[in-house]
Amino acid sequence: MDLPSSGQAAEMLHDFIGHWRGITEIAASPWGSARTADAEVVFTRAAGGYAVVQSYRHREPDGAHFEGHGMFTVDRDHGDTLWYYVDSMGRPPASPVRGTWNAGTLTLDRRTADGVARHTFRVEDGVLVHTADLRLEGTADFSPLLKSVFRKA
């Protein structure tokens, strides 16, 4: 995807803007067993369109709650989409994650002390899909962590 002429994240993420509801399928991991949660995500234009704010939350059948908040912006010098992210797991936000676009899919590798979580976001036929695959420190391969499928609310 080419860098928008104005450098506005809202142009690059135009298809994501709005309120979405769906299901998140969470794979078994060091943080819990496999499960499914009702989920919603809202993407909102901010800072005159130079940023897009992401608010995600899900509630599991046992009442457990998770939320994450991100901000996307564009590095005009390099053309990358930047993602600042923090969630209710309690880890402080790290430096921004650099993402790239390929065939309408935004891919971001978020590095933490635990390893690398590879996130993808795409909208196809009116469906927003967010996946995350995890490669723990000391392992060579990525394993599925979660898949969220949303429709506009």
Joint cluster assignment, [X] & [Y], ILVMFWY side-chain distance < 4.5 Å:
| X | Y | answer |
| --- | --- | --- |
| Val127 | Trp101 | no |
| Phe66 | Phe43 | yes |
| Ile17 | Trp20 | yes |

Between [X] and [Y], which heavy-atom pair has the shortest distance, and what is it?
| X | Y | result |
| --- | --- | --- |
| Gly104 | Arg122 | O-CB, 3.7 Å |
| Ala10 | Arg45 | CB-NH1, 3.4 Å |
| Val53 | Ala46 | CG2-CB, 3.7 Å |

Answer yes or no: is there a donor N or O on one side and an acceptor on the other, between the side chain of [X] and the main chain of [Y], under 3.5 Å?
| X | Y | value |
| --- | --- | --- |
| Thr73 | Tyr50 | yes |
| Asp80 | Leu82 | no |
| Arg35 | Ser33 | yes |
| Asn102 | Thr105 | no |

Mind listing the side-chain donor-acceptor pairs of residues 138-151 below 3.5 Å, one per line with the distance, residues two or more places apart or on another chain?
residue : atom : partner : partner atom : Å
Thr139  : OG1  : Leu136  : N            : 3.2
Thr139  : OG1  : Leu136  : O            : 2.6
Ser148  : OG   : Thr24   : OG1          : 2.6

In Å, rounded to the nearest 0.5 Å, how long is the span from CG of Leu108 to OG1 of Thr120? 9.0 Å
When rounded to the nearest 0.5 angstrom, what is the spacing between NE2 in His130 and OH in Tyr56? 8.5 Å
Is the distance between the ring centroids of His58 and His65 under 6.0 Å? no
Are any of the side-chain heavy atoms of [X] and [Y] separated by less than 4.5 Å?
| X | Y | answer |
| --- | --- | --- |
| Leu106 | Leu13 | yes |
| Met12 | Thr81 | yes |
| Arg98 | His78 | yes |
| Glu67 | Met89 | no |
| Trp83 | Arg110 | yes |

Partner of Arg118 under side chain to side chain donor-acceptor pair (under 3.5 Å), chosen from Asp133, Asp109, Thr107: Asp109
Between Val41 and Gln54, does a side-chain contact (heavy atoms from CB on, under 4.5 Å) hold up when you go through it step by step? CA-CA 7 Å; Val41 65; Gln54 166 201 25; 4.0 Å; yes
Where do His19 and Lys152 land on the side-chain contact (heavy atoms from CB on, under 4.5 Å) test, with the steps shown first? CA-CA 6 Å; His19 185 183; Lys152 285 236 173 141; over 6 Å; no
Indicate the ring-plane relationship of Phe72 and Phe121, choosing parallel, tilted or perpendicular according to the 30° and 60° boundaries. perpendicular
Using a 4.5 Å cut-off between side-chain heavy atoms of Ile, Leu, Val, Met, Phe, Trp and Tyr, which other residues end up in the same hydrophobic cluster as Ile26? none
How about NE2 on His69, more than 12 heavy atoms from neighbouring residues, nucleotides or ligands closer than 6.0 Å, or not? yes
